[in-house]
Amino acid sequence: MKVFEKIDMTLNQRLLITFLPLSLLFLAIASLRGYMASRDLLIEEVLNHLASVAAIQEQRMEGLLEQNLERLALVASRTQMRIVLDRYNESRNPTDYQQMITILQDARSSIASFTDMFLLNTQGEIVASTDEKRVGENWSGRAFLKQGQHDNQVDHLILDENRQVKFVLSGRLHLEEKWIGGIVIHSNTDALVEAVQDYSGLGETGESYLAQWNTEGDALFIVPLRFDAQAALQKTVSKENQKAPIIQALSKQEQLMQEAMDYRNESVLAVTHYIELADWGLVVKMDRQEAFARLDELRVTLVLIFILAAGLLGIVIFVIARSLARPLVGLAETATQISEGALDRRLAPSLSVTEIERLSASFNQMTDALVEANQREKEQAEVQLKASEAKYRLLFEKMLNGFIHCELIYDAEGHPCDAQILDVNPAWEKIMGMRKNEVEGKRLTAVFPQAETFWIKVMGEVVQTRMSRYLEQYTEATQRYYEMFFFPSENQRCDVIFNDVTQRKSLETQLRHAQKMESLGIMAGGIAHEFNNILAGTQGMLELLLLDLEANHPLRQSLIQVDETEKRALDLVQQILTFARKETVKFEELNPAPIVQQAISIVRATFPSSIDLHLDIPHEVGPILGNSTQLHQVVVNLLNNARQAIGDQTGRIFVELSNIRCQECPELRDDGLEADGLEADGLEADEIAECVRLTVQDTGVGIPAENLNKIFDPFFTTKEVGQGTGLGLSVIHGIVEGHRGKIRVDSQVGKGATFVLCLPI
């Protein structure tokens, strides 16, 4: 019995000492690797999120600054204000002073963010202000005014008497290239503060903040901080602290910072951006303690799992050791008894030599079973792998986005210089207009000789950093815009998903063009009204002078010529007002056929005999809801353009007017006309679907392709000086849009032009 206990305990101790530390070591290594991988993944996730927030905040800041520039330019463009300021600089007339005050108050009330406005003369003295107690102060030495002497400045910030941060917008004022003074506008920063203090998705400690260099070269915060509401234009970070995120941002170092100290000397994760438009630094950050809160929970969980696993391993190893030691102890005891002379002792059936044989046989059976199970698992894995490959291939073949699989090629110095195309999907073939067998196995630069070398650089960064990239770029090789997503693949390979966004870019261009036309219309209307007021006064004075002069007075003929010139100027003003839609136009139900006939009969008399005019105009078309005077002007302008396009050559002009279905008129097919308002007048659905089409076609010189998208722009003309104002087609475009219609032009150089107008019935 003593021998049994001695051998039993020795085996248990040896097994525990051998296997328990090794098991605990492997468990500790696995836990540590899992913890470190989770930590790296969490840091990457938080930094990517902060980078996304920083990009959004940068766009917001640039949008606010551009809005300030537009608002400053809008106020500074007021002609009447500049005229009165120039006059006041000369005469100091109290009436002019009151008029400047009225103009400033009106401008301030038109924009809610404006708080105070100041007009300064060329010496920097305030001559008019919405805050009249400031009149007479001299601001010539102020920094923001010095900066605004050459360009408009909208990024200067000050603290007012209530310790509130205000924008200072400043710029020079000119009248006919003469410097007459400057304008300064104080605007609240509510939109700026609201945007910066949007802490959505930044937790309890995350924040974004802005700063600029002060006169000492330190970083000066320009908005309230999350943990210091009074920091705006008061709190600074020393320039000596080069590792501070805000110093890095102002130094144009845009980066992801895993370890940094913020203005509170707290350890943070941070992303820095530089806003070039205002020379501002932007930082988006989160405290490491909050960012790693999930890691603390994971660490506690791993420690508990480690302790439990260690205890279970100890118990399991102890039980296994006892089960292995008992048969051997029985064999040793029986052998000892036989050696002492007890020859009648035999091994019990459970402890006989066949126990070892059965153990070996069982082990072999277990091994065979494991081999068989492994083979089955391998076969199942192969089936699953084939199914996964089939699913991937189906996705690869059927996806609507272009997909290209490349392997990078490196030069002698180890830098990526090219990429070999390994595979492309059918969508890529369709987008690029190339077959797979034409590009597979070839180099990217060979397939696209004009391809952007920047693509190769981006692929190299993606493969090296194992981080995906997004790129949107115009490619000269195909003359298309592409949206591209770069993903790292195995080894030195990179996958790229293509989207052709040329159509979206075209729609964005059309939207910007529409916004430009709207802005030009507003500007042209304002200028026209101002010019009309001036012409009205001079026209009246001319008429009075002509009444006072005798018929044979030597100055009478010159004044008559001046009067004719002013009438032409008034006619130009009317065209500008029509383009800007500033006039109130009366619409009525009418038949456009007589109007077109009348306009043609008037213009026909001015046509030379070398021009042949063909008409296809029925007696009844429409009716449409419109203005006869404006429609008359449209026809006259179109015919005059056609005549000028033909010039002195022999040519033909074809005019057609007809009723058609809207489905036959591509100009109106997607116009989105509302039927509810028409049905309220008792019209049937079929009538709603009809429109009147006017076609004017000439055999003139035609319009170059590069000018087709500009011909409706106001003041755009290719005619010589004095031959046209560039407003004719702009006025036509405005009239047609006012009638809920559409206009299209088709032209080729040397083959003439065709203008098609569709007006809904």
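Along the sequence shown, residues carry numbers from 1.
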Close side-chain approach of [X] to [Y], heavy-atom, < 4.5 Å:
X: Trp455; Y: Val496; result: no
X: Asp228; Y: Lys235; result: yes
X: Pro416; Y: Lys457; result: no
X: Leu269; Y: Lys285; result: no
X: Arg443; Y: Ile409; result: yes
X: Ile421; Y: Leu444; result: yes
X: Phe487; Y: Ile497; result: yes
X: Met286; Y: Val268; result: no

Ignoring hydrogens, what is the shortest heavy-atom contact between [X] and [Y]? Give both atom names and the distance.
X: Ile246; Y: Ala219; result: CG2-CB, 4.0 Å
X: Ala419; Y: Ile456; result: N-CD1, 4.1 Å
X: Ala249; Y: Gly281; result: CB-CA, 3.8 Å
X: Pro224; Y: Ala232; result: N-CB, 3.8 Å
X: Ser747; Y: Leu708; result: CB-CD2, 4.3 Å

Please answer whether the main-chain N or O of [Y] pairs with a side-chain N or O of [X] as donor and acceptor at a distance below 3.5 Å.
X: Asn499; Y: Val501; result: no
X: Arg288; Y: Gln258; result: yes
X: Thr236; Y: Leu220; result: no
X: Gln420; Y: Cys406; result: no
X: Thr189; Y: Val165; result: yes

[X] [atom1]: over 12 foreign heavy atoms closer than 6.0 Å:
X: Arg33; atom1: CZ; value: no
X: Arg493; atom1: CZ; value: yes
X: Leu308; atom1: CG; value: yes
X: Gln242; atom1: CD; value: yes
X: Gln289; atom1: CD; value: no

Just how far is it from atom [atom1] of [X] to atom [atom2] of [Y], taken to the nearest 0.5 Å?
X: Phe486; Y: Ile404; atom1: CZ; atom2: CD1; answer: 9.5 Å
X: Leu210; Y: Leu250; atom1: CG; atom2: CG; answer: 9.5 Å
X: Thr465; Y: Glu44; atom1: OG1; atom2: CD; answer: 9.0 Å
X: Arg226; Y: Glu204; atom1: CZ; atom2: CD; answer: 6.0 Å
X: Leu64; Y: Leu192; atom1: CG; atom2: CG; answer: 6.0 Å
X: Ser208; Y: Leu202; atom1: OG; atom2: CG; answer: 6.5 Å

According to the salt bridge (charged side-chain N to carboxylate O under 4.0 Å, His left out) rule, which pairs have a member within [range], sequence neighbours left out?
range: residues 49-63; value: Arg60-Asp198
range: residues 237-246; value: Asp218-Lys239
range: residues 45-54; value: Glu45-Arg294

N/O donor to acceptor pairs below 3.5 angstrom from side-chain atoms of residues 428-439, sequence neighbours left out:
residue : atom : partner : partner atom : Å
Glu429  : OE2  : Lys436  : N            : 2.7
Lys436  : NZ   : Asp423  : OD1          : 3.0
Glu438  : OE1  : Arg435  : N            : 3.2

*Does the side-chain contact (heavy atoms from CB on, under 4.5 Å) test come out yes or no for Asp155 and Ile275, once each step is laid out?*
CA-CA 11 Å; Asp155 56 351; Ile275 302 177; over 6 Å; no
*Step by step, would you call Val154 with Phe167 a side-chain contact (heavy atoms from CB on, under 4.5 Å)?*
CA-CA 7 Å; Val154 297; Phe167 271 121; over 6 Å; no
Residues that [X] engages under side-chain hydrogen bond (donor to acceptor under 3.5 Å, both in side chains), provided they are two or more places apart:
X: Asp279; answer: Tyr274
X: Glu290; answer: Thr205
X: Glu472; answer: Tyr470, Arg504, Lys505
X: Tyr199; answer: none

_In this structure, is the centre-to-centre distance between the rings of Phe403 and Phe498 below 6.0 Å?_
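Ring-ring flag for Phe498/Phe403: false, centres at least 6.0 Å apart.
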*Going through the distances and angles, do Leu282 and Tyr209 end up as a side-chain contact (heavy atoms from CB on, under 4.5 Å)?*
CA-CA 6 Å; Leu282 169 65; Tyr209 49 81; over 6 Å; no
*Of all residues at least two apart in sequence or in a different chain, which pass the salt bridge (Lys or Arg N to Asp or Glu O under 4.0 Å) check with Asp40?*
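By the salt bridge (Lys or Arg N to Asp or Glu O under 4.0 Å) rule, Asp40 matches no residue at all.
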Anything under 3.5 Å between a donor and an acceptor, one on a side chain of residues 49-56, the other on a protein residue two or more places apart or in another chain? List them.
residue : atom : partner : partner atom : Å
His49   : NE2  : Gly201  : O            : 2.8
Ser52   : OG   : Asn48   : O            : 3.1

*Pairs satisfying side-chain hydrogen bond (donor to acceptor under 3.5 Å, both in side chains), at least one member in residues 407-417, at least two apart*: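 Only Tyr410-Gln492 qualify under side-chain hydrogen bond (donor to acceptor under 3.5 Å, both in side chains).
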*List the steps and the verdict of side-chain contact (heavy atoms from CB on, under 4.5 Å) for Ser489 and His405.*
CA-CA 9 Å; Ser489 186; His405 185 50; 3.5 Å; yes
_Partners passing side chain to side chain contact (heavy atoms under 4.5 Å, CB included) against Ala427 (at least two apart in sequence or in another chain)_ =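 Asn425.
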_With side-chain hydrogen bond (donor to acceptor under 3.5 Å, both in side chains) as the criterion, how do Thr272 and Gln255 come out once you've worked through the C-alpha distance, each side chain's angles and the decisive distance to 0.1 Å?_
CA-CA 6 Å; Thr272 63; Gln255 55 185 312; 4.7 Å; no
*Between Arg264 and Asp287, is the closest basic N to carboxylate O distance under 4.0 Å?*
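Salt bridge: yes.
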*Let me see the working for Phe227 and Tyr263 under ring pair (Phe, Tyr, Trp, His ring centres under 6.0 Å), right down to the final yes or no.*
CA-CA 10 Å; Phe227 302 101; Tyr263 60 91; 7.2 Å; no
